[in-house]
Protein chains: 2
Amino acid sequence: MSSKLNEHDPRVRRTRQLIEQSFDNLLAEKNFDSITVQDVTEKAQINRATFYAHFEDKYALLDHSIRQKFRQEIESRVLNACHYTPENLRMLILTVCEFQVKLNTSCTQSQKQFAPLVEKQIKGQVYELLLVWLRKMDIPTSAEMPATAATWAIYGLASYWSASKNRPALEAYVDKALPLVAVNLNPLAPAAV
Amino acid sequence: MSSKLNEHDPRVRRTRQLIEQSFDNLLAEKNFDSITVQDVTEKAQINRATFYAHFEDKYALLDHSIRQKFRQEIESRVLNACHYTPENLRMLILTVCEFQVKLNTSCTQSQKQFAPLVEKQIKGQVYELLLVWLRKMDIPTSAEMPATAATWAIYGLASYWSASKNRPALEAYVDKALPLVAVNLNPLAPAAV
DNA sequence: AAACAATCGTTGTTTATCCAACAAATGTTG
DNA sequence: CAACATTTGTTGGATAAACAACGATTGTTT
């Protein structure tokens, strides 16, 4: 770990990418517990010491990987996710819902142990995004509390939906969820969504 | 260029690979003359100075690229190219013939200017390979002259074939060419092939 | 339990790459 | 032709990655 690496250095980007994709490939073969740091570095063709310059250990890599995947999921759907629009909020909720489902279906049984990790990362990402949105709106109150409330609301609604026996259509569900969340982001016009 | 880079260093292998494949991709887009070193390094996401640590200029890269392609062509056909067998010699002749044809057909007009370069690289590769073969045979005479004769014979026969108006079937042609070349590699039993 | 092997996390040193800057050569435009 | 822009090789200094080695855990075998 030592001092921080320069994120803009091409070398750093390269090795990080190599580590990430090697890890992804390994996860498709084995379960997480049986993956060693050596496995990752061998497949990535990088030195083992270099790994530790980027990640504290393989758990930090897992964290980062989950975070990355969710972020990509958002960015693939939203043109400019950096400011609030009702449409962006829709997409955010929708993304969280689908991410939940994907975990329940496409992932192997053995990977469900990471549910709490995933929850933490998703909430973190959502919270950060909502903070950005709120701070760009000129509101008198602080942004932290509305962001927290909205984050938990979104995650809770998504969990509820993904766990439902026979889920309603996603689009329709999100339409109903939207005003419940937006109310925290529109303090000036709470009912008009 | 400075001092030589360590060929076994993973970093060296990586950047060389990046340069090579960026160059290949660019050649598919533009013609060689309009490709700059900057183009290559930008596409490869490496620093321009690093390029010059690997190649003297873009012409050296072209040389290397041709050499590489021909070598791959051989290695894709021959299991163990490191010693002489009649079958390996067959494959070598065959490879040179097909390489010639490929240049005359699939390549754009503008790339035919490199014919002499290609000739030099092919002959170089063939010669090196024949030298290895000859030196593993316990023959009293030196290996250089037989290797030279065979190299030119192979290249000449391949050129002749690829330039023919209506080419005979490659397999049949190679069968006839084989003894003409093998005679230089079998000094002890020249007629028995 | 003891012996053994594999993995871990760290360290000091060497090497490759990055980066910014430069003069020189080349290409382009008016 | 002259002014200008682009590309070319090269340089010195900073930083990331490679490498080998190490003690410390951890896991396995007997």
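Residue numbers start from 1 in every chain, and the chains themselves are labelled A, B, ... in the order their sequence lines are given, proteins ahead of strands. When reading the values below, keep in mind they use all heavy atoms of this one structure, side chains included, and skip hydrogens, waters and symmetry mates.
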Inset, instruction - Verify the neighbour count for atom CD of Gln21(A): are there more than 12 heavy atoms of other residues, nucleotides or ligands below 6.0 Å? - result: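 Yes, because the 6.0 Å sphere around CD of Gln21(A) holds more than 12 heavy atoms from other groups.
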
Inset, instruction - Give a yes or no on this: more than 12 heavy atoms of other residues, nucleotides or ligands lie within 6.0 Å of atom CD of Gln17(A). - result: no

Over how many whole Å does the gap from [X] atom [atom1] to [N] atom [atom2] extend?
{"X": "Leu5(B)", "N": "dA18(D)", "atom1": "CG", "atom2": "C1'", "value": "13 Å"}
{"X": "Gln38(A)", "N": "dA6(C)", "atom1": "CD", "atom2": "C1'", "value": "8 Å"}
{"X": "Tyr59(B)", "N": "dT7(D)", "atom1": "OH", "atom2": "P", "value": "14 Å"}
{"X": "Arg14(B)", "N": "dC18(C)", "atom1": "CZ", "atom2": "C1'", "value": "15 Å"}
{"X": "Lys58(B)", "N": "dT26(C)", "atom1": "NZ", "atom2": "P", "value": "13 Å"}
{"X": "Ile19(A)", "N": "dA16(D)", "atom1": "CD1", "atom2": "P", "value": "14 Å"}
{"X": "Leu61(B)", "N": "dT8(D)", "atom1": "CG", "atom2": "C1'", "value": "15 Å"}
{"X": "Asp57(B)", "N": "dA25(C)", "atom1": "CG", "atom2": "C1'", "value": "14 Å"}

Inset, instruction - For Ser22(A) and Asn25(A), test the side chains for any donor-to-acceptor distance below 3.5 angstrom and give the result as yes or no. - result: no

Inset, instruction - Please check the phosphate of dT17(C) (OP1 and OP2 only) for any side-chain N or O of His54(B) closer than 4.0 Å. - result: yes

Inset, instruction - Could you tell me whether the phosphate oxygens of dT10(D), OP1 or OP2, come under 4.0 Å of any side-chain nitrogen or oxygen in Tyr52(B)? - result: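 No, because none of the side-chain N or O atoms of Tyr52(B) sits under 4.0 Å from OP1 or OP2 of dT10(D).
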
Inset, instruction - Report the C-alpha separation of Lys102(A) and Glu73(A) in whole Å, then their side-chain angles, then the decisive distance to 0.1 Å, and conclude whether the side chain to side chain contact (heavy atoms under 4.5 Å, CB included) test is met. - result: CA-CA 11 Å; Lys102(A) 191 191 287 183; Glu73(A) 210 63 38; 3.5 Å; yes

Legend entry - Stacked cation flag Lys136(A) on Tyr84(A), 6.0 angstrom / 45 deg: no

Inset, instruction - Taking the six-membered ring for Trp and the single ring otherwise, decide whether the centroids of Tyr155(B) and Phe99(B) are under 6.0 Å apart. - result: no

Inset, instruction - Tell me what Arg13(A) touches on the nucleic acid: a base, only sugar-phosphate, or nothing, going by heavy atoms under 4.0 Å. - result: nothing

Legend entry - Minimum-distance nucleotide (side-chain atoms of Pro10(A) versus dT17(C), dC19(D), dC19(C)):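 Looking only at side-chain atoms, Pro10(A) lies closest to dC19(C).
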
Legend entry - Closest to the Val37(A) side chain, choosing from dC8(C), dA17(D), dA16(D): dC8(C)

Legend entry - Under-3.5 Å donor-acceptor pair between Arg11(B) side chain and dA17(D) base: yes

Legend entry - B/S/- contact track for nucleotides 20-29 of chain D, protein heavy atom under 4.0 Å: -B--------

Inset, instruction - Taking Asp39(B) for its side chain and Thr36(B) for its backbone only, find out whether a donor-acceptor pair lies under 3.5 Å. - result: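 Yes.
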
Inset, instruction - Select from Ile35(A) and Ile46(B) the residue whose nearest nucleotide in DNA chain C is closer to the 5' end of that strand. - result: Ile35(A)

